[in-house]
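Heads up, the thing below is written out as structure tokens.
In the text below, chain A, chain B and the rest are named by the order of the sequence lines, each starting its count at 1.
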Amino acid sequence: MLASISRRGILAIYAVIIIVPITVVLFGSFKSTQELFEGPFSLPQSLAPDNFAEVIGGQDLGSSFLNSVIVTGISVPVTLFIASLAGYAVARLRGFASWAIFGFLVLGMAIPAQANMVPLYVLFGRIGLLDNLTGLIVANVVSTLPIAVFILGGFMRTLPKELYEACSIDGTGPWRTYVSIALPLSAPSIAAAAIFLFVIHWNELLYPLLFIQSPGNRTLPLALLSFQGEFQTNYPLLFAGVILASLPVVVAYVFLQRYFVAGITAGASKG
Amino acid sequence: MSTHTGTAAKRKAPDSTTEAASKKRRSPTRVNPALYLFPLPAVAIIAFFLVMPTLQAFQYAVTDWNGFSAAFNYVGVDNFVRAFTKDSLFTNALTNNLKFVLLVVIAQTVFSLLLALLLVKNSRGNVVLRALFFFPTILSSVSVAFIWKFIYDPNFGLANSALGAIGLEGLQGSYLGNNSQALYWVAVTQVWFHAGQMMVVYIAGLQAIPRELYEAAEMDGANKWQQFKSITWPFVAPATSIVVAYTTVQSFKAFDLILGIAGNPPKGSLDILSTRIYSTFANSEFGYAAAQSIIFMGMIALVTWLQRRLLRLTPKGE
């Protein structure tokens, strides 16, 4: 009895600690600074989207949003495609070759992005990838390819080898087998990896901070970070930015929650 | 590689049997050489953009290159000596980082296990609460930083308003403004951010424990604590090793959260290794920044290794 009360107590308190701040941010994004400070928990007096208009138009978060959409929209499928090709080969090759390729690709998970950022910056400077969206896409693909190969290759290895062998006896080439057998059967793990990559790429801050100079090429997290200095305590504006930056991920979470948990947990279990 | 989530473990078993079976039959088909083309793009990208720059970091680390001029000198291990003995900014960031990792690893592991134990049953209410507790993980670090900046705001913030509302003005503080406490408050934020994610890892581990073990223990008259100590804890060891290792790397890299909550560059009491490396880089000391990033990599490896030794969490068989 006592245990059940304290169980409920802990869960209720933690639920409040998550719900209340998020509600305050949501309501606060429609308030003026004064209104927020006077009653942070109260409903907003009006739903006029003044703060959103200011951040999207006035602070140009609209173009940052578009940049984020472009970068994420390209880097997620490109990463998935390249990783699934590698994962497929790893699943079909045997012995040392399979092991060596998988090991080489997955080893990159052990290298934190801050470890090679200086040489990467120099390299990007030489090949013209600084201060443009292409550079961000390349950086995203590089940094998440190991984990994507880990998730997809790990899954494709569990598909029964007989499937592939049957195809190759029928004379079906490796490419057709990849397209018509391996990809469709791996759909659940591709979906989980896609969600995982989407969250990482959408929220990525280090690479934009390193590579982007022009305000017009900022992605959302970088644009938000620049608010930090400019609007120290203009919380309603910061909140409107937070809502805008979080909206796509939150909408996806509501509809695809199962894949989120699977994908982000698969990402977490990297060794 | 340790894949200890429930589903991965379940998939493992049939996999090894089919592998054994196909080996026995000495499959008649040969590997099509075209298959070697498939991993080429990935291998080329990793070699050129990840392996090469990482090796170059070692090369840069022994120079005083500033990133622009063609001329530079080889300085041997001077950069490393400087970091540990002459650069109080770096040693401060190192100390902060180790403290931060220790705090977050302990708090996050304990708390996420507690949440998982409370929500392990698949009841409807539990599923809803899991989804809620997982939610902060999907937000961007900068968003989380802004939310908590407001919670901690000494004048208008949520924490102080809430304390005032329930008559506990005495407990009001200045949080991030208080240099001796700031790091602890960011650690709280980090746990709020990711405990739900680790909870999911633990739930998968807990659900794989056979029910019968608890029933047998109960018949033997073991109390809840004894059951936890001799069944639950040893059985979730693989999950614990994932949670501890992941949380360690995550809190070493809490770069975005620190910059979002403390600004760029952060003040001394909130400077950690990754933010320090970035500041050194932004200061055009490329050689020195590379040396710092090698120390950073080494620290992650060292701490991860120490944890494995201390906790004896090396999972069986892998």
Please classify the contact between A/L247 and chain B as side chain, backbone, both or neither, with a heavy-atom cut-off of under 4.5 Å. neither
Do the ring planes of B/F150 and A/F37 sit parallel (below 30°), tilted (30 to 60°) or perpendicular (above 60°)? parallel
Checking heavy atoms, do the side chain of B/V144, its backbone, both or neither come under 4.5 Å from chain A? neither
Could you point out which residue of B/F281, B/Y278, B/Y60 forms a ring-ring contact (aromatic ring centres under 6.0 Å, His included) with A/Y121? B/F281
With a 4.5 angstrom heavy-atom cut-off, could you sort out which part of B/A47 is near chain A: side chain, backbone, both or neither? both
Would you say the side chain of A/Y88 lies within less than 4.5 Å of the side chain of B/L35, judging by non-hydrogen atoms? yes
Give, as side chain, backbone, both or neither, the part of B/T54 having an atom under 4.5 angstrom from any heavy atom of chain A. both
Could you tell me which non-hydrogen atom of B/F146 sits nearest to which non-hydrogen atom of A/L224, and how far apart they are? CZ-O, 3.2 Å
Taking side chain as C-beta onward, heavy atoms only, is B/I277 less than 4.5 Å from A/M117? yes
Student check: side-chain heavy atoms of A/L11 and B/L119 closer than 4.5 Å: yes
So what's closer than 4.5 Å to chain B heavy atoms on A/I17: side chain, backbone, both or neither? both
With heavy-atom distances below 4.5 Å as the criterion, would you say the side chains of A/V149 and B/P39 are in contact? no
How far does CZ of B/F49 sit from CG of A/L145, to the nearest 0.5 angstrom? 11.5 Å
For atom OH of A/Y178, is the number of surrounding heavy atoms from other residues, nucleotides or ligands below 6.0 Å larger than 12? yes
Do B/W65 and A/V122 come within less than 4.5 Å of each other through their side chains, counting heavy atoms only? yes
Heavy-atom distances under 4.5 Å only: say whether A/F198 touches chain B with side chain, backbone, both or neither. neither
Nearest heavy-atom approach of B/S143 to A/S246 is OG-OG, 3.6 Å
Go through the atoms of B/I261 and report whether side chain, backbone, both or neither lie under 4.5 Å from a heavy atom of chain A. backbone
The interface call for A/L222 against chain B, heavy-atom contacts under 4.5 Å, is neither
Residue pair B/M52 / A/L123, side-chain heavy-atom distance below 4.5 Å: yes
Starting at OG1 of A/T172, measure out to CG of B/N32 and round the result to the nearest 0.5 Å. 11.0 Å
Smallest heavy-atom separation, B/P41 atom then A/L85 atom, equals CG-CD1, 4.4 Å
Aromatic ring proximity B/F111/A/Y14, centre distance under 6.0 Å: yes
Looking only at heavy atoms, which two atoms of B/F134 and A/F260 are closest? And how far apart? CZ-O, 4.1 Å
Contact part of B/I295 toward chain A, heavy-atom cut-off under 4.5 Å: side chain, backbone, both or neither? neither
Atom group of B/A159 that falls short of 4.5 Å from chain A, counting heavy atoms: neither
Smallest separation among heavy atoms of A/P221 and B/V142, with atom names: O-CG2, 4.0 Å
State the OH-CG distance between A/Y253 and B/L139, to the nearest 0.5 angstrom. 10.0 Å
Quick check for you: to the nearest 0.5 Å, what is the distance between B/L132 atom CG and A/I19 atom CD1? 5.0 Å
Heavy-atom cut-off 4.5 Å, strictly under: side chain, backbone, both or neither for A/V142 against chain B? both
Note, A/N116 side chain near B/S293 side chain (heavy atom, < 4.5 Å): no
Nearest-0.5 Å distance that lies between atom CD1 in B/I45 and atom CD1 in A/I82: 3.5 Å
Between A/F81 and chain B, with a heavy-atom cut-off of 4.5 Å, which part of the residue counts as in contact: side chain, backbone, both or neither? neither
Contact class of B/I294 relative to chain A, heavy atoms under 4.5 angstrom: neither
Can you measure from CD (A/E38) to CZ (B/F156) and round to the nearest 0.5 angstrom? 10.5 Å
Bottom line for B/L114: the part with an atom under 4.5 Å from chain A's heavy atoms is side chain
Using heavy-atom distances under 4.5 Å, tell me whether A/V249 contacts chain B through its side chain, its backbone, both, or neither. both
Is the shortest heavy-atom distance from the side chain of A/P112 to the side chain of B/M297 under 4.5 Å? yes
Using a 3.5 Å distance criterion without hydrogens, assess whether the side chain of B/N264 forms a donor-acceptor pair with backbone atoms of A/L225. no
